[in-house]
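As a basis for the values below, the full set of heavy atoms in this structure was taken, side chains included, without hydrogen atoms, waters or symmetry mates. Just so it is clear: chains get the letters A, B, ... in the order the sequence lines come, proteins before strands, and each one is counted from 1.
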Protein chains: 2
Amino acid sequence: MDGMATTRQPNLDAAGEACVRGDAALARAFEFLGKRWNGVVLGSLRDAPAGFRELSRAIGGISDSVLSDRLSDLAGAGLIVRTVCEGPPLAVSYALTDRGKALMPALEQISLWAQEHLLQDE
Amino acid sequence: MDGMATTRQPNLDAAGEACVRGDAALARAFEFLGKRWNGVVLGSLRDAPAGFRELSRAIGGISDSVLSDRLSDLAGAGLIVRTVCEGPPLAVSYALTDRGKALMPALEQISLWAQEHLLQDE
DNA sequence: ATCGTCGCTCGGATATTCGAAGCAGCTTGG
DNA sequence: CCAAGCTGCTTCGAATATCCGAGCGACGAT
């Protein structure tokens, strides 16, 4: 061990910081994706817009309050839009924005990975 | 009412099951990725194995207790391995397994998305 | 011996999520 | 008409998850 570990160059350089290995961008992304249902909600919107109850059912296992929260978050972040269809029957529809759509390839990749490596348990 | 679903057939199609719009696989994946730091931890391990403190610093903002928890989770799920290097200096090293490595393309995709669509706000 | 680092664990605050219930408006239907 | 079901949420209390700081044993350097 003598030769090698004496110095520690791994990720601190004299100048200062900003040596974030894990990608600051990745970290930023996971401030959203790391919330319990955000990823799944986005995935449910992948193929088509949907209403509140529709999402609730499609996702399964999420509570109304949380879904409402997630939807607000996502809308606030500009990943989805909430559209109210007046008419009489008063329907609401959530859909992906461009920013949200741009995330779909990543989600598909994850889905693929899950299908191959996480089939149903480990 | 117009359109669809006149009767209460939410979204079951005749063929069989798997009508889960959001992809069951995606949902499964987000049982891990949806936990607050899991994605970032994996991302930090992308290029090279690392020790506990090293990860703690590289990630920044995570507490020891949570990091420890995440590491256990990930190890339990078979995405990373914990290797103890005896010697005297007693070092521990966490590294991705094959399963974990297989997830990297997806993470890169997410990172890319974040760089383009999530540059700096909030 | 004293200090600093590494790899964790423990305890207690604080934030997040859950699950059920409630409310208003519209629709079916008896 | 009025019960009963649907949709789109909101509120509440309780369970969980996460955060933060402190501490412990082992080791190396000073």
Query raised in the report: Using a cut-off of 4.0 Å between protein heavy atoms and nucleotide atoms, how would you tag nucleotides 9-25 of chain D 5' to 3' with B, S and -?
Result: BBB------SBB-----

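Checked by atom type and distance alone, the side chain of B:Trp113 pairs as donor or acceptor with a backbone atom of A:Arg99 at under 3.5 Å.
Remark: P of C:dG4 and CZ of B:Arg57 are 14 Å apart, rounded to the nearest angstrom. Here D:dG8 presents its P atom at 8 Å from CG of A:Leu90, a figure rounded to the nearest Å. Rounded to whole Å, the distance from CG on A:Leu67 to P on C:dC18 is 10 Å. Rounded to an integer number of Å, the gap from A:Leu55 CG to D:dG8 P is 9 Å.
Put simply, B:Leu67 and B:Phe32 are part of the same group of oily side chains (I, L, V, M, F, W, Y) that touch within less than 4.5 Å, one to the next.
Between A:Leu71 and A:Arg82 the shortest side-chain heavy-atom distance does not fall below 4.5 Å. A:Leu55 is not listed as a side-chain neighbour of A:Trp37, based on a closest heavy-atom distance of 4.5 Å or more.
Taking 4.0 Å as the cut-off between side-chain N and carboxylate O, A:Arg46 and B:Asp23 count as a salt-bridged pair.
Remark: A:Ala91 engages A:Cys85 in a side chain to side chain contact (heavy atoms under 4.5 Å, CB included) (not counting sequence neighbours).
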